[in-house]
**Student:** 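So that we are looking at the same thing, I have put the structure below in structure tokens.
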Amino acid sequence: MTDVATRMGHRRVSLRGRIALLAAFAVGATVALVSLGTYLVVRSSLYERLDDDLMQRAHATASSPLIQQNVLQAIPAAAFGSSDVRVALLAPNNTMVTANAGQLPPVSDVERDVARNGTTMHPRTEGDLRVVAVPVGATPGVALVVAQPLGPTRSTLAGLSVVFVLVGGAGIVLAGLAGAAVARTGLLPVQRLTEATENIARTDDLRPIPVTGDDELARLTHSFNVMLGVLAESRERQRRLVADAGHELRTPLTSLRTNLDLLVSAGRPDTPQLSAQDRAEIYEDVRAQVNELSTLVGDLVELARDDAPLVVHAPVELTDVIERALDRARRRAPGLMFDVATVQWPMQGDATALERAVLNLLDNAAKWSPPGGIVRLRLQPVGDGSAVLQVSDAGPGIADADLPHVFERFYRSADARTMPGSGLGLAIVKQVAERHGGTVTAGRSAEGGALMTLHLPAP
């Protein structure tokens with residue numbers, strides 16, 4: 001329960017509040033340590049000075065004419081710097097003699113040892129008194145005991161501790177205020193970024209967020225803008241795909257609807273009847289349009305997989321993939337010849353996607369080849385350890401103005417608009433190449449036709 005409450009408390013405190021509390025705690029801990037160290041140093045210095053003065057005055061008194069035949073004469077207050085100092089002579093028989101019937105200093109075994117052995121003791125504290133005993137040089141077996149009140153010293157230390165507490169408290173308050181100000185100023189870019197993201201979520205506006213400065217928050221904003229750019233580009237691609245797909249689907253659907261309306265109308269008794277040949281031509285046209293729609297829908301589904309994994313990591317023999325694609329291409333274009341030269345090329349990839357890409361290249365070459373023409377396919381390694389698959393034809397080739405656009409979705413040159421196809425085949429080839437870490441380019445073959453080069457990385 002305590003851990004849960006602690007976590008809930010952390011969630012309730014904002015980042016700005018945590019920074020302010022951290023600053024206040026850090027300064028408070030520093031002030032406390034400094035104050036404690038200073039207090040201990042001052043306390044030690046005051047007691048050390050007090051002990052030195054007390055020892056010096058005690059030795060001076062013990063060797064002065066104030067002590068005559070174990071009798072302590074009246075000692076002026078100036079001799080010890082205070083009027084309430086207690087001074088007495090301690091004899092071996094534990095009797096004490098003081099002047100003017102003054103108050104006796106406290107005596108313990110330590111002072112008795114000084115009187116008995118003639119040694120010098122270290123000052124000690126008893127109650128509110130600082131006590132020291134020194135032997136009397138002229139009188140063996142007698143010690144002079146001096147006790148000075150600690151009231152002034154302790155009063156000084158108490159005042160110093162109050163000053164430290166007040167200064168420390170003021171420092172903590174100022175540190176908290178400074179931490180809050182620093183947090184408010186430092187987190188202002190984060191607040192702007194938060195407001196911008198909330199505005200994006202509310203308005204669906206993907207415009208970049210203004211970047212100021214060059215610190216970590218500016219880098220965060222820049223990274224967020226990059227993400228917005230990628231998202232906007234993906235959305236624009238989807239929009240174009242839908243718009244282009246709608247445009248491409250409109251023509252076959254309109255033609256299909258016209259033919260179906262014509263067949264339905266021809267079945268009515270009050271309308272002109274179609275001949276068997278016309279009816280067969282319409283049926284053939286409808287079948288071709290349905291096939292075209294099926295191909296177009298399949299291509300759209302393939303291209304819509306922008307979020308697909310880069311590649312299915314499975315062992316693939318590229319030569320086998322090419323053979324399967326060639327079998328399908330030969331059935332689709334029986335009047336053409338295929339000149340093929342390949343080498344064994346094992347790799348990691350998606351066999352289905354690679355077969356689709358090779359087939360699209362072969363279909364494109366077959367579509368532009370003249371009757372009885374030759375489609376050439378070459379698979380060979382290159383110096384960097386990768387492989388190059390080239391498909392060329394002897395057709396009219398690709399105009400220079402169309403070369404940069406042949407792999408765009410739904411792009412069709414002026415010459416290609418009268419030929420079957422959706423303009424998606426080469427776009428699928430490009431997508432498959434990129435998913436496998438490769439590239440595809442278009443150029444001109446030695447026969448003057450198109451040359452498509454698919455570059456695949458090393459296995």
Side-chain angles (χ1 to χ4, degrees), residues 295 299 302 311-400 402-404 406-407 413 415-416 419-421 424-459:
T295 302
D299 292 343
E302 182 70 23
V311 66
V312 177
H313 293 286
V316 175
E317 174 53 57
L318 191 57
T319 304
D320 297 338
V321 172
I322 294 173
E323 289 297 332
R324 291 195 296 268
L326 278 169
D327 291 340
R328 297 172 62 183
R330 288 189 178 102
R331 290 194 298 269
R332 296 183 183 185
L336 296 178
M337 296 183 61
F338 291 87
D339 180 13
V340 181
T342 62
V343 295
Q344 295 294 319
W345 193 260
M347 61 178 295
Q348 294 286 325
D350 186 345
T352 303
L354 289 170
E355 181 179 345
R356 180 68 178 276
V358 175
L359 181 60
N360 285 357
L361 291 177
L362 292 173
D363 285 343
N364 182 77
K367 180 173 65 175
W368 292 101
S369 294
I374 300 176
V375 175
R376 305 183 189 276
L377 185 148
R378 299 288 184 270
L379 174 62
Q380 56 188 2
V382 292
D384 59 356
S386 58
V388 169
L389 172 67
Q390 292 183 325
V391 177
S392 61
D393 59 68
I398 304 173
D400 293 339
D402 296 327
L403 282 177
V406 293
F407 297 104
S413 64
D415 297 334
M419 302 187 67
L424 296 176
L426 294 181
I428 293 175
V429 175
K430 179 183 178 182
Q431 178 174 277
V432 172
E434 291 176 347
R435 285 172 57 192
H436 287 78
T439 58
V440 61
T441 57
R444 189 172 296 276
S445 68
E447 293 87 354
L451 173 65
M452 300 295 175
T453 302
L454 177 61
H455 188 279
L456 295 175

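Heavy-atom basis, side chains included; hydrogens, waters and symmetry copies ignored.
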**Student:** With a 3.5 Å distance limit and no angle check, can you tell me whether Q390 reaches the backbone of L454 through a side-chain donor-acceptor pair?
**Tutor:**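 Between the backbone of L454 and the side chain of Q390 there is no qualifying donor-acceptor contact (under 3.5 Å).
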**Student:** Find the distance between CD (Q380) and CH2 (W345) and round it off to the nearest 0.5 Å.
**Tutor:**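 Taking CD in Q380 and CH2 in W345, the distance rounds to 10.5 Å.
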**Student:** Any chance you could measure L326, atom CG, to R331, atom CZ, to the nearest 0.5 Å?
**Tutor:**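 The CG atom of L326 sits 11.0 Å away from the CZ atom of R331.
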**Student:** Hey, does the side chain of H436 reach the backbone of D350 with a donor-acceptor pair shorter than 3.5 angstrom?
**Tutor:**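 Checked: pair present.
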**Student:** Are S392 and M452 close enough that some pair of their side-chain heavy atoms sits under 4.5 Å apart?
**Tutor:**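 No - every pair of side-chain heavy atoms lies 4.5 Å or more apart.
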**Student:** Find the distance between NZ (K430) and CZ (R435) and round it off to the nearest 0.5 Å.
**Tutor:**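 Between K430 NZ and R435 CZ, I get 14.5 Å after rounding to 0.5 Å.
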**Student:** How close do L456 and S386 get, heavy atom to heavy atom, and via which atoms?
**Tutor:**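 Smallest heavy-atom distance, with atoms named: O-CB, 2.9 Å.
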**Student:** Which pair of non-hydrogen atoms, one from V343 and one from P381, has the smallest distance, and what is that distance?
**Tutor:**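 The pair with the smallest heavy-atom distance is CG2-CD, 3.8 Å.
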**Student:** Tell me the closest heavy-atom pair linking A357 and V429, and the distance in Å.
**Tutor:**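 Taking A357 first and V429 second, the nearest heavy atoms are O-CG2, 3.5 Å.
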**Student:** Taking only residues two or more places apart in sequence or in another chain, which ones pass salt bridge (charged side-chain N to carboxylate O under 4.0 Å, His left out) with D339?
**Tutor:**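 Per chain and number, D339 pairs via salt bridge (charged side-chain N to carboxylate O under 4.0 Å, His left out) with R376, R378.
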**Student:** My understanding is that only residues two or more places apart in sequence, or in another chain, count here; which of them pass side chain to side chain contact (heavy atoms under 4.5 Å, CB included) with R332?
**Tutor:**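 With neighbours one apart ignored, the set is R328, L359, D363.
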**Student:** Quick one: pull up OG1 in T441 and NE2 in H455 and give me the separation to the nearest 0.5 Å.
**Tutor:**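 Between T441 OG1 and H455 NE2, I get 9.5 Å after rounding to 0.5 Å.
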**Student:** Looking at V321 and A351, what are the two nearest heavy atoms and their distance?
**Tutor:**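 For V321 versus A351, the nearest heavy atoms are CG1-O, 4.1 Å.
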**Student:** Nearest 0.5 angstrom please: I398 CD1 to L451 CG, how far?
**Tutor:**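 One finds 9.0 Å between CD1 of I398 and CG of L451.
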**Student:** Contact between L389 and L318 at the side-chain level, heavy atoms closer than 4.5 Å - yes or no?
**Tutor:**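 Not in contact.
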**Student:** Between atom CG of L354 and atom CG of D320, what is the distance when rounded to the nearest 0.5 Å?
**Tutor:**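 Reported value, rounded in 0.5 Å steps: 12.0 Å.
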**Student:** Ignoring hydrogens, what is the shortest heavy-atom contact between P370 and A394? Give both atom names and the distance.
**Tutor:**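 Residues P370 and A394, closest heavy atoms: CD-O, 3.8 Å.
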**Student:** Locate the shortest heavy-atom distance separating G373 from L336; write the atom from each residue and the value.
**Tutor:**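 Distance-wise, the nearest heavy atoms are N-CD2, 3.5 Å.
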**Student:** Are the side chains of V432 and R356 in contact, using a 4.5 Å heavy-atom criterion?
**Tutor:**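 Side-chain contact under 4.5 Å: no.
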**Student:** Any side-chain heavy atom of L361 sitting closer than 4.5 Å to one from L426?
**Tutor:**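 SC-SC contact between L361 and L426 confirmed.
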